[in-house]
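Read the structure below first, then the notes.
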Number of protein chains: 2
Amino acid sequence: MLAEREPVTLRALVAGTGASTMAVYTHFGGMPGLWSAVRQEGFTRLARRLDAVPHTGDPVHDLAALGVAYARNALDSPELYRAMFDTRADLADAPAADATFDRLVVAVARARDEGRLDAGTDPGALATRYWAAGHGLVSLVVQGVLPAGVLGPLATDTAVALLTAAGDDPARCRRSVERAWAPG
Amino acid sequence: MLAEREPVTLRALVAGTGASTMAVYTHFGGMPGLWSAVRQEGFTRLARRLDAVPHTGDPVHDLAALGVAYARNALDSPELYRAMFDTRADLADAPAADATFDRLVVAVARARDEGRLDAGTDPGALATRYWAAGHGLVSLVVQGVLPAGVLGPLATDTAVALLTAAGDDPARCRRSVERAWAPG
DNA sequence: CAGTATGTCATAGCGTTGCTATGTTATCCG
DNA sequence: CGGATAACATAGCAACGCTATGACATACTG
């Protein structure tokens, strides 16, 4: 129903299943609980896609690849992404988001420890800036404000700016990031 | 009702006014139309705050000041900000957002024309990156995912990274941006 | 000035929503 | 075997957005 943009109502949900509306209450405790479960599933899928990103010898490329995976995940199922960051979302779902965010922090720390970023770089802070910028871009694209075609170039330039400011060599950084966005 | 986090329902809306539910339909055409009007009002207020940012001799500082005004506007009435970028928002409200966005493009072009940014800088593209990054940060803060206290430092570092990558001198850029975030 | 058109809004009610109370059935465990 | 527990179907409630209808006021028109 999410993918087909049909309104997700309790009665329409159980219509084809042969079950009654009570099933939703015994298993999810109501519609908010069901949406919470949907968001959990969304973050689980995101985590799976991030985990599928291989480690290479270039930690900056891997960092960019995480961003690409994040963007592709969102654009493959935009309705799910919107549900994950819905304005009505419960704050109790934040830990699931934090769990996937940790992967980004680790990748930043690795890029720093391997000498690509300044030794004084705070992985958590840079990962937050990186994520917020990416989330902002993806949100606007998913919302339809920005066309999907501009996401790659904009994300590339933003990533290069953030990582260069953190100490990476500009030209080398751009090569690493652009390689992550290359098709295939 | 937005400010007090009460659910905005048609009946609760007209309850204290002495009017009936029909008034909403004659003036707004229904609840979606009413929300659209709310978002228009939100963008109008945002535009007013951006217009109140004075021009100084430092175009990069002014660019940062626009970001500060954007953030303050959102944090002063977070519910309105959430309504403006609600996942259920109609795309027909985008022109109102574009109108405020133009102010950012002009400010970027000015910073470029006054020699602070590379001559080849595309004002629209940089403004989009700048806005998306700021929107991402503000969204996460308004949503409660990030604490409000970290917004200033994160936004500062992000702005410095983006503007430095566009050609501004790093140290000078940081001074300009930090001055915009200074209280008062 | 009379007559008509138009915009506004109160009343009443329709279909649907999320949710709950109640009774029934199935499953598990001592 | 028998009692406890969970799961679920049925029915119905309050509230939701919305619409049909008619009353009323104002504003045009001949």
Side-chain angles (χ1 to χ4, degrees), chain A residues 1-45 77-97 142-145, chain B residues 1-45 77-97 142-145:
Chain A
M1 294 169 83
L2 240 59
E4 296 169 10
R5 285 193 177 73
E6 292 171 3
V8 180
T9 69
L10 174 59
R11 283 176 166 82
L13 194 72
V14 300
T17 66
S20 81
T21 63
M22 274 304 296
V24 173
Y25 287 86
T26 53
H27 293 289
F28 302 100
M31 286 300 286
L34 186 139
W35 281 111
S36 181
V38 167
R39 283 188 286 270
Q40 296 286 338
E41 171 66 20
F43 284 115
T44 300
R45 292 188 189 185
S77 46
E79 304 300 321
L80 183 56
Y81 188 85
R82 302 216 296 202
M84 287 162 65
F85 294 98
D86 194 291
T87 53
R88 296 160 292 180
D90 193 353
L91 205 64
D93 300 330
V142 162
Q143 203 79 0
V145 179
Chain B
M1 296 169 84
L2 241 57
E4 297 168 10
R5 284 193 177 72
E6 293 172 3
V8 180
T9 70
L10 173 59
R11 285 176 163 84
L13 194 73
V14 300
T17 66
S20 81
T21 63
M22 275 302 296
V24 173
Y25 286 86
T26 53
H27 293 290
F28 301 100
M31 285 302 284
L34 186 139
W35 280 112
S36 181
V38 167
R39 282 189 286 270
Q40 296 286 337
E41 171 67 19
F43 284 114
T44 300
R45 292 189 189 184
S77 46
E79 303 300 321
L80 184 56
Y81 188 84
R82 303 217 295 201
M84 287 161 66
F85 294 99
D86 193 291
T87 53
R88 296 160 293 178
D90 193 353
L91 205 63
D93 300 328
V142 162
Q143 201 80 359
V145 179

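All values below come from the heavy atoms of this structure, side chains included, with hydrogens, waters and symmetry mates left out. Order of the sequence lines fixes the chain letters, A, B, ..., with proteins taken first and strands second; residue numbering starts at 1 for each chain.
Residue-to-nucleotide proximity on DNA chain D shows that, of A/Thr21 and A/His27, the 5′-proximal contact is made by A/His27.
Shown here are the side chain to side chain donor-acceptor pair (under 3.5 Å) partners of B/Gln143, two or more places apart in sequence or in another chain: there are none. Residues passing the side chain to side chain donor-acceptor pair (under 3.5 Å) test with B/Arg11, sequence neighbours excluded: none. Residues satisfying the side chain to side chain donor-acceptor pair (under 3.5 Å) test with B/Arg45, not counting sequence neighbours, are B/Glu41.
Of all heavy-atom pairs between B/Ala96 and B/Gln40, the closest is CB-OE1, 3.4 Å. Counting all heavy atoms, side chain and backbone alike, A/Leu2 lies closest to A/Glu79 at O-CG, 2.9 Å.
Judged as a side chain to side chain donor-acceptor pair (under 3.5 Å), the pairs with a partner in residues 24-37 of chain B (not counting sequence neighbours) are, in order, B/Ser36-B/Asp93.
Contact check of residues 28-42 of chain A against DNA chain C (heavy atom, cut-off under 4.0 Å) returns A/Gly30, A/Met31, A/Pro32.
Side-chain atoms of A/Val38 and A/Val8, non-hydrogen and from C-beta on, never get closer than 4.5 Å to each other.
In the set C/dA10, C/dA21, C/dG18, C/dA21 carries the atom at the smallest distance from any side-chain atom of A/Met22.
To the nearest 0.5 Å, atom CG of residue A/Asp86 and atom OG1 of residue B/Thr87 are 3.5 Å apart.
OP1 or OP2 of D/dA7 has not a single side-chain nitrogen or oxygen of A/Thr26 nearer than 4.0 Å.
If you take OH of B/Tyr25 and C1' of D/dT19, they are 8 Å apart, rounded to a whole angstrom.
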Protein-nucleotides 14-17 of chain C N/O pairs closer than 3.5 Å?
{"residue": "C/dT17", "atom": "OP1", "partner": "A/Thr9", "partner atom": "OG1", "Å": "3.3"}

